[in-house]
Student: 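Provided herewith is a single structure, encoded as structure tokens, for subsequent inquiry.
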Amino acid sequence: MSAGEHTGHYAIAPRRVSFDWDGTPLHWIPHEPTATHVINVLHLLLPAGERWFVKVFKEALPLVDDPLLLKHVKGFMGQEATHSVQHAYVLNHLATQRLDTEAFTKYVDFLFETLLGEQPPFGVPIPTQEWLRFRLSVIAAIEQFTAVLGDWVLHAEGLDRADADKIMLDLLRWHGAEEVEHRAVAFDMYQHCCAEGLARYARRIGGMAVTAPVLAWLWVWGTAYLIRHDPRLAGRLRYSLREHNRAVGKGLLPTWRELGAAIPRYLRRSYHPSQEGSLRKAVDYLATSPAARAAAGAVGRAALS
């Protein structure tokens, strides 16, 4: 099945956004350090993770012979590269607020650059093509969760009620909207680069079987790290499910059901990510996002100059 049957001729293209972090407080959801840092784990994982997406897709580009899919993949790569850069700027902002993250992100870098690098780690004898297919399956599985999270943040009125920092909300919703916008590209790329049949479906299951527990572990570890090293908390708080669930109840974090239900949906053999989220909601937000509108204005002025 071609990419066009699911995505149509909707253009996927990067938006060269920028954000001014000078006024964003460390606890950007007021009085909610646990919810703040659960979401801040995104900044720990995405700079290295989304750079890795782009590297793997570059390796796989020669396998793509569908012109429309190729166009979508290049748009996806541009968006993910921009996401990586913008989340890295948030890490710099955290560092200026005396929350250093390098002791954690060095392990994230090791995960993506070494354990999931161009060659199988530790000399494991996996054929080059099979190793590429495995990494594509992992990206498709990760993108299942980013689409779910993207749709959630676009609807998360609890963050507005809590008076969350407007700049951080715009970053999260711009990013979330683009995740919904390109929700099917990684899945279509994986399907296209793997021969049809049971083996392709089995690899898809394997990719999710690796991705879901590793992401859960990284998220708990990352949240615990951020809370433990938060200079404003000074060791007075530890990450706990009780505090996490309290934030869920306020609508500040997605429910466990929303996250968990994404897995069995993905494992259905007939599944396709075009079923996830609302493209209309995503497009509507991108039309009003302050950062996206400023980026579009800059492009327009450059075209006229």
Student: Could you tell me whether the side chain of Q97 and the main chain of T24 form a donor-acceptor pair under 3.5 Å?
Tutor: yes
Student: If I compare all heavy atoms of T114 with all of P121, which pair ends up nearest, and what's the gap?
Tutor: O-CB, 4.0 Å
Student: Measure the acute angle between the ring planes of W221 and Y107, then classify it against the limits of 30° and 60° as parallel, tilted or perpendicular.
Tutor: tilted
Student: Determine whether the side chains of Q275 and R268 contain a donor N or O and an acceptor N or O closer than 3.5 Å.
Tutor: yes
Student: Please determine whether side-chain contact (heavy atoms from CB on, under 4.5 Å) holds for the pair I227 and R238, giving the CA-CA distance in whole Å, both sets of side-chain angles, and the decisive distance to 0.1 Å.
Tutor: CA-CA 6 Å; I227 290 174; R238 289 288 183 267; 5.5 Å; no
Student: Just wondering, do R98 and R232 contact through their side chains at under 4.5 Å, heavy atoms?
Tutor: no
Student: Minimum heavy-atom separation for L99 to P231, with atom names?
Tutor: CB-CD, 4.2 Å
Student: Do H229 and Y225 have ring centroids that are under 6.0 Å from one another?
Tutor: yes
Student: If you measure from CG on L237 to OG1 on T34, what distance do you get to the nearest 0.5 Å?
Tutor: 4.5 Å
Student: Determine, stepwise, if the pair D188 / H72 fulfils side-chain hydrogen bond (donor to acceptor under 3.5 Å, both in side chains).
Tutor: CA-CA 10 Å; D188 288 341; H72 290 160; 5.8 Å; no
Student: To the nearest 0.5 Å, what is the distance between CZ (R265) and NE2 (H272)?
Tutor: 14.0 Å
Student: Rounded to the nearest 0.5 Å, how far does CG of L154 lie from CG of L286?
Tutor: 8.0 Å
Student: Going through the distances and angles, do T288 and R293 end up as a side-chain hydrogen bond (donor to acceptor under 3.5 Å, both in side chains)?
Tutor: CA-CA 7 Å; T288 60; R293 290 181 66 185; over 6 Å; no
Student: For A291 and S18, work out which heavy atoms get closest and say how close.
Tutor: CB-O, 4.0 Å
Student: Measure the spacing between CD1 of I39 and CE of M168 and express it to the nearest 0.5 Å.
Tutor: 9.0 Å
Student: Going from OH on Y190 to CZ on R203, what distance comes out if it is rounded to the nearest 0.5 angstrom?
Tutor: 5.5 Å
Student: On a heavy-atom basis, which atom in S84 and which in P47 lie closest, and how many Å separate them?
Tutor: OG-O, 2.6 Å
Student: Decide side-chain contact (heavy atoms from CB on, under 4.5 Å) for L172 and H175; before the verdict, give the C-alpha distance in whole Å, the side-chain angles of both, and the deciding distance to 0.1 Å.
Tutor: CA-CA 5 Å; L172 295 172; H175 186 169; 5.9 Å; no
Student: Indicate yes or no: at least one non-hydrogen side-chain atom of L218 is less than 4.5 angstrom from one of V41.
Tutor: no
Student: Is any NZ, NE, NH1 or NH2 atom of the basic residue among R280 and D284 found under 4.0 Å from an Asp or Glu carboxylate oxygen of the other?
Tutor: yes
Student: Just list the side-chain donor-acceptor pairs under 3.5 Å for residues 139-153, sequence neighbours left out, or say none.
Tutor:
{"residue": "E143", "atom": "OE1", "partner": "H182", "partner atom": "NE2", "Å": "3.1"}
{"residue": "E143", "atom": "OE2", "partner": "T146", "partner atom": "OG1", "Å": "3.3"}
{"residue": "Q144", "atom": "OE1", "partner": "Y271", "partner atom": "OH", "Å": "2.6"}
{"residue": "Q144", "atom": "NE2", "partner": "A262", "partner atom": "O", "Å": "2.9"}
{"residue": "Q144", "atom": "NE2", "partner": "Y271", "partner atom": "OH", "Å": "3.3"}
{"residue": "Q144", "atom": "NE2", "partner": "E276", "partner atom": "OE2", "Å": "3.2"}
{"residue": "T146", "atom": "OG1", "partner": "E143", "partner atom": "O", "Å": "3.0"}
{"residue": "T146", "atom": "OG1", "partner": "E179", "partner atom": "OE1", "Å": "2.9"}
{"residue": "D151", "atom": "OD1", "partner": "S278", "partner atom": "N", "Å": "3.3"}

Student: Does a side-chain heavy-atom distance below 4.5 Å link K281 with V180?
Tutor: no
Student: Between S289 and R173, is any side-chain donor less than 3.5 angstrom from a side-chain acceptor?
Tutor: no
Student: Testing the basics here: between I29 and A164, what is the closest heavy-atom pair and its distance to 0.1 Å?
Tutor: CG1-CB, 4.3 Å
Student: Should W21 and N92 be marked as a side-chain hydrogen bond (donor to acceptor under 3.5 Å, both in side chains) after you check the CA-CA gap, both sets of side-chain angles, and the distance that decides it?
Tutor: CA-CA 10 Å; W21 297 111; N92 295 339; over 6 Å; no
Student: Is the ring centre of W219 less than 6.0 Å from the ring centre of H244?
Tutor: no
Student: Would you confirm whether S240, through its side chain, and E243, through its main-chain N or O, come within 3.5 Å as a donor-acceptor pair?
Tutor: yes
Student: Report the C-alpha separation of L111 and W52 in whole Å, then their side-chain angles, then the decisive distance to 0.1 Å, and conclude whether the side-chain contact (heavy atoms from CB on, under 4.5 Å) test is met.
Tutor: CA-CA 10 Å; L111 168 64; W52 175 73; over 6 Å; no
Student: Would the distance check show the side chain of S137 and the main-chain N or O of R204 forming a donor-acceptor pair, the cut-off being under 3.5 Å?
Tutor: no
Student: Distance from Q86 atom CD to L91 atom CG, nearest 0.5 Å?
Tutor: 12.0 Å
Student: Side-chain contact test, heavy atoms from C-beta onward, threshold under 4.5 Å: evaluate it for H192 versus L63 and give yes or no.
Tutor: no
Student: Using 30° and 60° as the class limits, which term best fits the ring planes of F19 and W174: parallel, tilted or perpendicular?
Tutor: tilted
Student: Do R51 and F112 meet the cation-pi criteria used here (NZ or CZ under 6.0 Å from the six-membered ring centre, within 45° of the axis)?
Tutor: no
Student: Does K55 come within less than 4.0 Å of E50, counting only side-chain N to carboxylate O?
Tutor: no
Student: With a 4.5 Å cut-off on side-chain heavy atoms, are Q191 and E196 touching?
Tutor: no
Student: Is the distance from the ring center of H43 to that of H93 below 6.0 Å?
Tutor: no
Student: Between H27 and H37, is any pair of side-chain heavy atoms under 4.5 Å apart?
Tutor: yes
Student: Any donor and acceptor pair, going by atom type alone, linking the side chain of D100 with main-chain N or O of A95 inside 3.5 Å?
Tutor: no
Student: Just wondering, are more than 12 heavy atoms of other shown residues or ligands nearer than 6.0 Å to NZ in K58?
Tutor: no
Student: What do the steps show when you test Y89 against L94 for side-chain contact (heavy atoms from CB on, under 4.5 Å), and what is the final call?
Tutor: CA-CA 9 Å; Y89 288 148; L94 293 180; over 6 Å; no
Student: Side chains of E258 and T255: is there a donor and an acceptor less than 3.5 Å apart?
Tutor: yes
Student: Compare all side-chain heavy atoms of M208 with those of I263 and state whether any distance is below 4.5 angstrom.
Tutor: yes
Student: Given the rule in the side-chain hydrogen bond (donor to acceptor under 3.5 Å, both in side chains) test, do E178 and H83 qualify, once you have shown the distances and angles that lead to the verdict?
Tutor: CA-CA 9 Å; E178 290 198 344; H83 299 168; 2.7 Å; yes
Student: Between L44 and L226, is there a side-chain heavy-atom distance shorter than 4.5 Å?
Tutor: yes
Student: How far apart are the closest heavy atoms of W131 and L116, and which atoms are they?
Tutor: CZ2-CA, 3.9 Å
Student: Between E59 and R135, is there a salt bridge with N-O shorter than 4.0 Å?
Tutor: yes
